[in-house]
Asker: 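One structure, pasted below without further comment.
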Amino acid sequence: MDKSATIIILYTREQIEATVKRLAGEITRDYADKNPLLVGILKGSFMFMADLIRQLDFPLEIEFVRVSSYGKKKQSSGKITVVQGIRTHVKNRHVLVVEDIIDSGLSVNYVLESLRNKKSASLKACCLLDKPARRQVTVPIDYTGLTVPDKFLVGYGLDWAEQYRNLPDICYLEDVKP
Ligand code: IMP
Ligand code: MG
């Protein structure tokens, strides 16, 4: 861990919990009778997915895809690498892509496009955090948790160079040289 990093809390665990509950309410209204397939984008979404589905009291399934675009940098490389693709059939399923944070939009756009022609019954996206400042592609987001400032965030699943995912609050780093 970078010892020079100053970690500042932006959203507390209580704020995160309230946001997840609100999103779960919206998703429940739309999916309670649809046995949806929630597709989390790894690694960042694992904690959000775990908390979200525990607030969803109806039949559902989960799947994960793993994409990578950052490497050890704080800015997207712009090139998406699929590390693990989806293994579940999506035909006739109501698919909801679950993302931790949308920044350039390239990752979620890539995953949505890869699912687009697979004859799903519906295809929507949900993100906990939306960082619109550096969006490169327009992505339709159907459920948004919090709109966040243009800072590099860590914690609650989000990493910087694979560190800090375990922080229970969402924080930003000051004084870190990428
Ligand atoms: P995008 O492709 O630029 O939209 O970035 C999406 C992915 O990059 C997310 O799934 C995150 O894993 C990661 N990411 C984007 N912004 C941040 C950040 O502020 N902190 C940590 N990871 C981020
Ligand atoms: Mg990441």
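As the structure lists them, so they are numbered: ligands from 1, and atoms in each ligand from 1. Values below: every heavy atom of this structure, side chains too, minus hydrogens, waters and symmetry copies. In this chain, numbering begins with 1 at the start of the sequence shown. This structure is a prediction, so every number in the text was calculated from the model and none was measured.
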Asker: Please confirm whether Lys151 comes under 4.0 Å of ligand 1, counting heavy atoms of the residue only.
Answerer: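 Distance cut 4.0 Å: Lys151 passes for ligand 1.
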
Asker: With a heavy-atom distance limit of 4.0 Å, tell me whether Lys43 approaches ligand 1 through its side chain, its backbone, both, or neither.
Answerer: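 Neither part.
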
Asker: Using a 4.0 Å cutoff against the non-hydrogen atoms of Asp159, which atoms of ligand 1 qualify?
Answerer: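 What qualifies from ligand 1 is 21 (C), 22 (N).
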
Asker: Counting from 1, what ligand 1 atoms have a heavy atom of Lys131 closer than 4.0 Å?
Answerer: 16 (N), 18 (C), 19 (O)

Asker: Which atom pair, heavy atoms only, marks the closest approach of Arg135 to Ile102?
Answerer: NH2-O, 3.2 Å

Asker: Give me the atom names and distance for the closest heavy-atom approach of Phe48 to Cys127.
Answerer: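 What the structure gives for the nearest pair is CE2-C, 4.1 Å.
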
Asker: If you measure from each heavy atom of Val154 to ligand 1, is any distance below 4.0 Å?
Answerer: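 No, Val154 has no heavy atom closer than 4.0 Å to ligand 1.
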
Asker: Taking all non-hydrogen atoms of both residues, which atom of Ile16 and which atom of Pro168 are closest, and how far apart?
Answerer: CD1-O, 3.7 Å

Asker: Test your reading of the structure: does Val108 have an N or O sitting under 3.5 Å from an N or O of ligand 1?
Answerer: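 In fact, backbone or side chain, Val108 has no N or O that close.
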
Asker: I need the contact type for Ile41 against ligand 1. Using non-hydrogen atoms and a strict under-4.0 Å cut-off, is it side chain, backbone, both or neither?
Answerer: neither

Asker: Please determine whether a side-chain nitrogen of the Lys or Arg among Lys43 and Asp159 lies less than 4.0 Å from a carboxylate oxygen of the Asp or Glu.
Answerer: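 Looking at Asp159 together with Lys43, the answer is no, because their closest N to O distance does not fall below 4.0 Å.
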
Asker: Can you list the atoms of ligand 1 that are under 4.0 Å from a heavy atom of Ile101?
Answerer: 6 (C), 9 (C), 10 (O), 11 (C), 14 (N), 15 (C), 16 (N), 17 (C), 19 (O), 23 (C)

Asker: Anything under 30° is parallel, anything over 60° is perpendicular, the rest tilted; go ahead and classify Tyr31 against His94.
Answerer: perpendicular

Asker: Out of Gly40, Cys127, Ser107, Gly157, who gets a non-hydrogen atom closest to atom 2 (O) of ligand 1?
Answerer: Ser107

Asker: Go through ligand 1 atom by atom and flag the ones less than 4.0 Å from a non-hydrogen atom of Ser104.
Answerer: 1 (P), 2 (O), 3 (O), 4 (O)

Asker: Counting each atom of ligand 1 from 1 as listed, which ones have a heavy atom of Phe152 under 4.0 Å away?
Answerer: 17 (C), 18 (C), 19 (O), 20 (N), 21 (C), 22 (N)

Asker: Kindly say whether Arg87 contributes a backbone atom to a donor-acceptor pair with the side chain of Glu63 at under 3.5 angstrom?
Answerer: yes

Asker: Charged N to carboxylate O below 4.0 Å: is that the case for Arg116 and Glu113?
Answerer: yes

Asker: Please check: side-chain N/O of Asp142 versus main-chain N/O of Cys126, any donor-acceptor pairing under 3.5 Å?
Answerer: no

Asker: Going by heavy atoms in the side chains, are Lys34 and Asp30 under 4.5 Å from each other?
Answerer: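 No. Closest side-chain heavy atoms not under 4.5 Å.
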
Asker: Output the list of atoms in ligand 1 that are nearer than 4.0 Å to some heavy atom of Asp100, sorted by atom number.
Answerer: 9 (C), 10 (O), 11 (C), 12 (O)

Asker: I'd like to check which ligand 1 atoms, numbered from 1 as shown, lie under 4.0 Å from a non-hydrogen atom of Gly105.
Answerer: 1 (P), 3 (O), 4 (O)

Asker: Using a 4.0 Å cutoff against the non-hydrogen atoms of Glu99, which atoms of ligand 1 qualify?
Answerer: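 Answer, ordered by atom number: 6 (C), 9 (C), 10 (O).
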
